[in-house]
Amino acid sequence: MPELPEVETIKRSLAPRLLGRRIEDFQAIWPGAVHGITGERVRELVTGQVIGGLSRRGKYLLLELASGDRIVLHLRMTGQLLLKPVGSPLESHTRLVFNLSQGEELRFTDIRKFGGMDFLAAGCPEISGLRELGPEPLADAFTTDILKGILSGRKAPLKSVLLDQHSLAGVGNIYADEILHSSGFLPMVPACSLTEPEIAVLHAKIREVLAEGVSHRGTTKRNYVDGDGRPGEYQERLRVYGRAGKQCTVCEETIVRTMVGGRGTYYCPQCQGEQGSRNRKGKPHKHAGDNNIGD
DNA sequence: TAAATCCTGTCA
DNA sequence: TGACAGGATTTA
């Protein structure tokens with residue numbers, strides 16, 4: 001469920017409050033949420049350790065311990081990370097509980113059991129998913145040139161490349177559609193078909209839309225909440241995602257839903273594609289929107 | 001590059 | 001009852 005803006009919001013809501021706390025105990029209520037080792041082994045490894053920070057890389061959260069050990073969490077589709085008072089009723093689908101000093105516990109809940117944690121001992125090589133992540137789109141190091149390199153030679157749909165975590169870290173299904181709408185590109189065009197000025201537009205919009213998402217504390221379409229259980233606000237500002245059959249907020253054309261790379265995909269046929277910033281020739285040709293599922 | 005897979009819940 | 005859901009990996 002959570003993409004970069006949601007994971008960043010969770011990090012911001014929890015990081016200051018976790019800093020310096022001691023892990024008093026750990027329990028894997030659902031053992032499958034711990035990867036590689038047993039829940040009991042994690043309990044032995046983390047009990048007594050002090051939390052030195054909480055950071056984000058792509059859609060991963062890293063709970064950093066003062067020893068240099070790290071707990072790597074991924075929320076996948078329905079994961080939540082919540083800081084709650086000890087003794088308060090456990091949320092349903094609670095999978096992991098870190099009992100902390102000062103009477104609170106960090107709970108990982110996850111309806112669909114896709115998410116989970118890895119334990120990384122200090123100095124150990126990173127798990128593959130983390131090591132192979134593409135650049136952080138909001139970092140200064142992510143330049144138009146970097147994006148150009150990511151897109152070059154890629155015949156896959158532009159949206160699929162945006163979603164590919166090896167190419168770029170943190171963009172998911174909602175923000176991919178929003179980025180493509182605000183930059184005026186159809187999701188299904190080959191990634192390598194963008195011209196250099198178009199890549200510059202896309203680069204700017206990737207950063208703009210993700211930053212907007214962060215500043216509105218993420219998008220709650222289903223069950224996303226931050227570390228305090230607060231939903232986001234960006235769902236009110238979505239331009240295309242989840243809006244099939246509704247009017248585009250820019251041109252009043254009807255938003256269309258289709259499938260791209262196996263993912264539900266929303267776009268505006270007027271703002272994106274031949275009526276958008278590319279191929280203004282007016283050459284009438286069919287695009288995937290013609291057999292949409294939406295309205 | 002698509003589909004199946006891991007799961008559970010919700011909605012039409 | 002079937003389709004679909006914010007993700008990512010594996011398989012064909």
Side-chain angles (χ1 to χ4, degrees), chain A residues 1-11 29-36 56-61 72-81 91-96 108-118 126-134 153-180 187-192 209-210 213-214 216-226 231-245 257-266 288 292-295:
Chain A
M1 113 234 168
E3 308 180 28
L4 185 153
E6 289 76 39
V7 179
E8 178 66 22
T9 303
I10 293 169
K11 186 205 81 179
I29 294 171
W30 182 64
V34 180
H35 306 148
R56 179 192 63 75
R57 174 79 173 95
K59 300 172 190 171
Y60 289 90
L61 280 165
V72 183
L73 288 147
H74 200 301
L75 308 177
R76 293 288 182 106
M77 295 283 261
T78 55
Q80 299 177 334
L81 200 58
E91 292 72 21
S92 46
H93 311 105
T94 298
R95 309 300 182 191
L96 305 171
F108 170 72
T109 76
D110 185 18
I111 295 171
R112 292 177 72 178
K113 299 181 173 173
F114 289 172
M117 60 156 281
D118 282 80
E126 292 177 330
I127 56 167
S128 62
L130 199 50
R131 188 179 55 235
E132 294 162 6
L133 282 179
R154 301 284 298 270
K155 295 176 196 164
L158 180 55
K159 174 173 177 179
S160 300
V161 174
L162 292 180
L163 288 178
D164 174 14
Q165 301 300 299
H166 305 293
S167 302
L168 193 61
V171 176
N173 208 33
I174 293 178
Y175 294 96
D177 283 1
E178 295 298 311
I179 287 164
L180 289 168
M188 61 291 284
V189 299
C192 58
V209 170
L210 291 174
V214 171
H216 294 274
R217 301 180 35 264
T219 303
T220 300
K221 288 294 287 185
R222 288 191 158 67
N223 45 49
Y224 161 72
V225 289
D226 73 5
E233 289 157 9
Y234 198 66
Q235 62 278 8
E236 291 153 31
R237 309 182 90 87
L238 295 177
R239 302 167 182 89
V240 285
Y241 186 86
R243 299 191 65 247
R257 179 183 184 277
T258 185
M259 282 286 189
V260 174
R263 312 296 304 276
T265 297
Y266 303 84
N292 68 81
I293 319 165
D295 46 7

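All chains are named by letter (A, B, ...) in the order of the sequence lines, taking the proteins before the strands, and each is independently numbered beginning at 1. What you see is a predicted model, and the numbers here were worked out from it, not measured in a lab.
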So, Arg237(A) side chain and Glu233(A) main chain: donor-acceptor pair closer than 3.5 Å or not?
-> no
Heavy atoms under 4.0 Å, any strand shown: does Gly172(A) hit a base, just sugar-phosphate, or nothing?
-> sugar-phosphate
Base, sugar-phosphate, or nothing: which does Ser160(A) touch, judged by heavy atoms less than 4.0 Å apart?
-> nothing
Please state the P separation for the pair dT10(C) and dC7(B) - nearest whole angstrom.
-> 15 Å
Send over the distance from Lys113(A) NZ to dA5(C) C1', rounded to a whole Å.
-> 18 Å
How would you label the contact of Gly115(A) with the nucleic acid (heavy atoms, under 4.0 Å): base, sugar-phosphate, or nothing?
-> nothing
Across every strand shown, the nucleotide meeting Watson-Crick or G-U wobble geometry with dA8(C) (both distances under 3.5 Å) is dT5(B)
Rounded to whole angstroms, how far apart are CD on Gln165(A) and C1' on dA8(C)?
-> 8 Å
Interatomic spacing from CD1 in Ile179(A) to CZ in Arg239(A) - rounded to 0.5 Å | 10.0 Å
With a 3.5 Å cut-off and no angle check, do the side chains of Tyr224(A) and Glu3(A) form a donor-acceptor pair?
-> no
Has Arg76(A) got a side-chain N or O lying under 4.0 Å from the OP1 or OP2 atom of dT8(B)?
-> no
Out of dT8(B), dT9(C), dA8(C), minimum distance to the side chain of Ile111(A) belongs to dT8(B)
Calculate, to the nearest 0.5 Å, the distance between atoms NZ and CD1 belonging to Lys59(A) and Ile10(A) respectively.
-> 12.5 Å
When you get a sec, tell me which of dT9(C), dA8(C), dA5(C) is the closest nucleotide to the side chain of Lys59(A)?
-> dA8(C)
Can you find a side chain N or O atom of His74(A) that sits less than 4.0 Å from OP1 or OP2 on dG7(C)?
-> no
Between NE2 of His93(A) and C1' of dT10(B) the distance, given in whole Å, is 12 Å
Can you check the Gln80(A) CD to dA5(C) P distance for me, whole Å?
-> 20 Å
Rounded to whole angstroms, how far apart are CD on Glu132(A) and C1' on dT10(C)?
-> 14 Å
Separation of dA8(C) atom P from Asp164(A) atom CG, nearest Å, is 10 Å
How close or far is atom P of dT9(C) from atom CG of Asp118(A), stated in whole angstroms?
-> 12 Å
Test Gln165(A) against Tyr60(A) for side chain to side chain donor-acceptor pair (under 3.5 Å), laying out the working first.
-> CA-CA 11 Å; Gln165(A) 301 300 299; Tyr60(A) 289 90; over 6 Å; no
Stacked pair Phe114(A)-dC6(B), distance under 5.5 Å, angle under 30° = yes
Out of dG7(C), dT8(B), dT9(C), which has the shortest distance to the side chain of Met77(A)?
-> dG7(C)
Rounded to whole angstroms, how far apart are CD1 on Ile174(A) and C1' on dG7(C)?
-> 12 Å
With the side chain of Arg257(A) defined as its heavy atoms from C-beta on, choose the nearest nucleotide among dG7(C), dC4(C), dA8(C).
-> dC4(C)
